[in-house]
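Read the structure below first, then the notes.
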Protein chains: 2
Amino acid sequence: MSDFGDYLRKVREQRRAGDAKFSVRQLAKRVGVEPSYLSKVERGQQAPPSEKTIAALASELGEDPDVMLALAGKVSGELQAIIRRRPKLFADLIRQLKDLPDHAVLRLVREVRDGDW
Amino acid sequence: MSDFGDYLRKVREQRRAGDAKFSVRQLAKRVGVEPSYLSKVERGQQAPPSEKTIAALASELGEDPDVMLALAGKVSGELQAIIRRRPKLFADLIRQLKDLPDHAVLRLVREVRDGDW
DNA sequence: TCATGCGTGTACCATATACGACACACCCCG
DNA sequence: CGGGGTGTGTCGTATATGGTACACGCATGA
């Protein structure tokens, strides 16, 4: 049940179909880890990498870092820092939004972006 | 520069002024850790405890767990799980709210709470 | 045939996290 | 003066995290 590994493998193989630069070995090299390590991660024999490594993978693969981190069971340190600055405020808000449907949350995002906030 | 330790000590000593049950030893016992450990945490000789222990401390002291976790440099696993379920949505929203003043965010919280969402 | 690249198996490891165990010196009060 | 409670110093440690190092067998193409 390695969500992260399965996803990583799937994406990498897709990229690889059109570009040999996406072999385990070459990707590992660009990302800065050992090929055997990356291989184990893909097969779920190894827990997902650190945030730093995941970010590098996402960047190389053209994927969303937040999504990949989520699959790894993590939340980016940057987001955590934002929350920590105003813990009550953000904790309340997030809990309120927990069960709201996507479109409602999205509406909020847009409202904030476009509004005179 | 131990934010967490200083805060903990301050709060505990306040409670202690009116109730001897808030000695290091007795609080430690209720919380389920060794007194020497708690003492070191208060003085910043020891990194802040785990989320579980912080939650127990907050509960015993009548403090907000999210605030104490924030002082410890953490974000509750519960909140992280909410974010992980819809990473893009929440990541976008949180980043948008990053520099908004408190009252604006608060307005949002209320809006969601009261609205026909 | 042989160098090159591929994915992977095995073994090992450095650092961080989150504490526990125990003893010591001090103070109070009965 | 002794028994209980107080805070703290020292030492040790189990587990998790996030990897590295190296070798093996297979494929492929020159």
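Below, read A as the first sequence line, B as the second, and so on, with proteins coming before strands; counting in each chain starts at 1.
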Rounded distance (Å) that lies between atom [atom2] of [N] and atom [atom1] of [X]:
{"X": "Leu38(A)", "N": "dG19(D)", "atom1": "CG", "atom2": "P", "result": "11 Å"}
{"X": "Arg9(B)", "N": "dG7(D)", "atom1": "CZ", "atom2": "C1'", "result": "8 Å"}
{"X": "Glu13(B)", "N": "dT8(D)", "atom1": "CD", "atom2": "C1'", "result": "14 Å"}
{"X": "Leu27(B)", "N": "dT6(D)", "atom1": "CG", "atom2": "P", "result": "11 Å"}
{"X": "Tyr37(A)", "N": "dG19(D)", "atom1": "OH", "atom2": "P", "result": "4 Å"}
{"X": "Glu42(A)", "N": "dG19(D)", "atom1": "CD", "atom2": "P", "result": "15 Å"}
{"X": "Lys40(A)", "N": "dC13(C)", "atom1": "NZ", "atom2": "P", "result": "14 Å"}
{"X": "Glu34(A)", "N": "dG7(C)", "atom1": "CD", "atom2": "P", "result": "14 Å"}

Next item on the list: Assign Ser23(B) to base, sugar-phosphate, or nothing according to its heavy-atom contacts below 4.0 angstrom with the strands shown.
Entry: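 Result for Ser23(B) = sugar-phosphate.
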
Note to self: Under 4.0 Å, heavy atoms only, any strand: does Ser50(B) hit a base, just the sugar-phosphate, or nothing?
What the structure shows: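 Sugar-phosphate contact only.
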
Check: Hey, does the Lys NZ or Arg CZ of Arg30(B) hover above the aromatic six-ring of Phe22(B), less than 6.0 Å from the centre and inside 45° of the axis?
Finding: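 Yes.
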
Item checked: Distance in Å, Leu79(B) CG paired with Leu69(B) CG, rounded so as to fall on 0.5 Å steps ->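 Atom-to-atom, Leu79(B):CG and Leu69(B):CG are 9.0 Å apart.
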
Next item on the list: Could you tell me the separation between the CG atom of Leu27(A) and the NZ atom of Lys21(A), rounded to the nearest 0.5 Å?
Entry: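 It comes to 12.0 Å.
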
Check every atom of [options] against the side chain of [X] and return the nucleotide holding the closest atom.
{"X": "Pro35(B)", "options": "dG19(D), dT8(D), dT8(C)", "answer": "dT8(D)"}
{"X": "Arg25(A)", "options": "dC6(C), dT8(D), dC22(D)", "answer": "dC6(C)"}
{"X": "Gln45(B)", "options": "dC11(D), dG9(D), dG7(D)", "answer": "dG9(D)"}

[N] phosphate, OP1 or OP2: any side-chain N/O from [X] under 4.0 angstrom?
{"X": "Arg16(A)", "N": "dG7(C)", "answer": "yes"}
{"X": "Arg12(A)", "N": "dC6(C)", "answer": "no"}
{"X": "Arg43(B)", "N": "dG9(D)", "answer": "yes"}
{"X": "Gln46(A)", "N": "dG18(D)", "answer": "no"}
{"X": "Lys74(B)", "N": "dA18(C)", "answer": "yes"}
{"X": "Gln26(B)", "N": "dT6(D)", "answer": "yes"}
{"X": "Ser39(A)", "N": "dG7(C)", "answer": "no"}

Next item on the list: Could you give me the CA-CA distance, side-chain angles and deciding distance for Leu38(B) and Val31(B), then say whether side-chain contact (heavy atoms from CB on, under 4.5 Å) is met?
Entry: CA-CA 10 Å; Leu38(B) 191 57; Val31(B) 161; over 6 Å; no

Note to self: Donor-acceptor pair, distance only, cut-off 3.5 Å: does the side chain of Gln96(A) make one with the backbone of Val112(B)?
What the structure shows: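 Not confirmed, Gln96(A) side chain does not pair with Val112(B) backbone.
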
Item checked: Base dA18(C) paired with Thr53(B) side chain (donor-acceptor, <3.5 Å) ->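 Not at all, since no donor on one side and acceptor on the other fall under 3.5 Å apart.
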
Checklist line | For Ala58(A) against Pro65(A), the heavy-atom pair lying closest together | finding: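 Shortest heavy-atom separation between Ala58(A) and Pro65(A) comes out as CB-CA, 3.8 Å.
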
